[in-house]
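Structure first, then comments.
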Amino acid sequence: VILLLNSQRCAEIDHSSCVMRDNRAIRELDVTKVYHEKQSRELCALHALNNLLQSNIVSKQELDSICSQLTPSVALNPHRSMLGTGNYDVNVVMAALMSRKLDCVWWDKRKSVNSINLNAVYGFILNVSSWMSWGLVSLPVRRKHWIAIRNINGCYVNLDSKLKLPEVIGSDDSDILEFMSKQLDSKEAQLLLVVTQEISESRAWCCD
């Protein structure tokens, strides 16, 4: 009985220590110093890429060039808005990441997110349905919206360009898995796992 009680006590102490470390990581992350581009026109794909990479490294010119490479010699390119204001599709996002030796793995929503090997993932990109806005004006039109999520200094951070500041999701694996699960409850939502090309080829991103 004494051994059992001691084991239970040790488990409680270990759990408390983990919680304390997680809370400390959250407190120590200054979101004002996290690179975060805010929404401009229909450039959420551009912002998601740069927020994911934590640097102003991808340009609109690059994404427009990718569109032209994917479908050359057309008046209305199918990979972006017909007005040329953005609204880039998944092919453009994937090509931009591939040029930086990163791959996108489409997550099968029929699987539990618990099957994701979080240690093998560079970051996440969500595609969700969102109300369209132009400047400060919200329009009664829903469009696909790209959102980047990264683990930064031990915290999973929502880098949605429509947020005023990045939002900390949590520091525990269960926090990000719960967040992803809720997002994927939406019929329109899709999830891309961003991984290195080596991880993509070995399928190490999946625990199954």
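Just so it is clear, the structure is predicted and the values come from calculations on it, not from any experiment.
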Taking atom types as modelled, is there a side-chain donor on Glu188 or Ser129 under 3.5 Å from an acceptor on the other?
no
Under the 6.0 Å and 45° cation-pi test, does Arg150 pair with Phe124?
no
Using side-chain heavy atoms (C-beta onward) and a distance below 4.5 Å, is Arg41 in contact with Ser81?
no
For the hydrophobic clusters of this structure (ILVMFWY residues joined by side-chain heavy atoms under 4.5 Å, transitively), does one cluster hold both Leu163 and Val128?
no
Report the C-alpha separation of Val105 and Ser200 in whole Å, then their side-chain angles, then the decisive distance to 0.1 Å, and conclude whether the side chain to side chain contact (heavy atoms under 4.5 Å, CB included) test is met.
CA-CA 7 Å; Val105 177; Ser200 178; 4.2 Å; yes
Sub-3.5 Å donor-acceptor pair from the side chain of Lys109 to the main-chain atoms of Gln190, do we have one?
no
Quick one: are Arg100 and Ile57 in side-chain contact, heavy atoms under 4.5 Å?
yes
Joint hydrophobic cluster, Ile169 plus Leu193, side-chain heavy atoms closer than 4.5 Å:
yes
Mind checking whether Val34 and Leu165 have side chains closer than 4.5 Å, heavy atoms only?
no
Under 3.5 Å, is there a donor-acceptor pair between the side chain of Gln54 and the main chain of Tyr35?
yes
Can any side-chain N or O of Asn51 pair as donor or acceptor with the backbone N or O of Leu159 at less than 3.5 Å?
yes
Test salt bridge (Lys or Arg N to Asp or Glu O under 4.0 Å) applied to Asp108 - qualifying residues, sequence neighbours left out
Arg110
Quick one, Ile147 and Ile125 - any side-chain contact, counting heavy atoms below 4.5 Å?
no
Atom pair CG/CG of Asp103 and Leu192 - distance to nearest 0.5 Å
11.0 Å
Looking at side-chain heavy atoms only, is the closest gap between Asn158 and Phe179 below 4.5 Å?
yes
Assess the side chains of Thr85 and Glu42: does a donor N or O sit below 3.5 Å from an acceptor N or O?
yes
Nearest atoms (heavy-atom pairs only) where Ser171 meets Gly154
CB-O, 3.3 Å
Does Leu63 reach the side chain of Val58, with side-chain heavy atoms less than 4.5 Å apart?
yes
By salt bridge (Lys or Arg N to Asp or Glu O under 4.0 Å), which residues pair with Glu198, not counting sequence neighbours?
none
May I ask you to decide if Gln183's main-chain N or O and Ser186's side chain share a donor-acceptor pair within less than 3.5 Å?
no
Under a 4.0 Å threshold between the charged nitrogen and the carboxylate oxygen, would Asp64 count as salt-bridged to Arg80?
yes
Taking the side chain from Asn77 and the backbone from Thr71, do they hold a donor-acceptor pair closer than 3.5 Å?
yes
Between the side chains of Tyr156 and Asp173, does any donor sit under 3.5 Å from an acceptor?
yes
At their closest point, which heavy atom of Ala95 faces which heavy atom of Ile66, and how far apart are they?
CB-CG2, 3.6 Å
Give, for atom OG of Ser112 and atom CG of Leu177, the distance between the pair rounded to the nearest 0.5 Å.
7.5 Å
Close side-chain approach of His145 and Asn127, heavy atoms under 4.5 Å:
no
Donor-acceptor pair, distance only, cut-off 3.5 Å: does the side chain of His79 make one with the backbone of Cys67?
no
Ser65 side chain to Gln69 side chain, donor-acceptor N/O pair below 3.5 angstrom
yes
Taking Ile199's backbone N and O only, do any of them form a donor-acceptor pair with Thr196's side chain (distance below 3.5 Å, no angle check)?
yes
Under 3.5 Å, is there a donor-acceptor pair linking the side chains of His47 and Asp160?
no
With a 4.5 Å cut-off on side-chain heavy atoms, are Glu62 and Ser59 touching?
yes
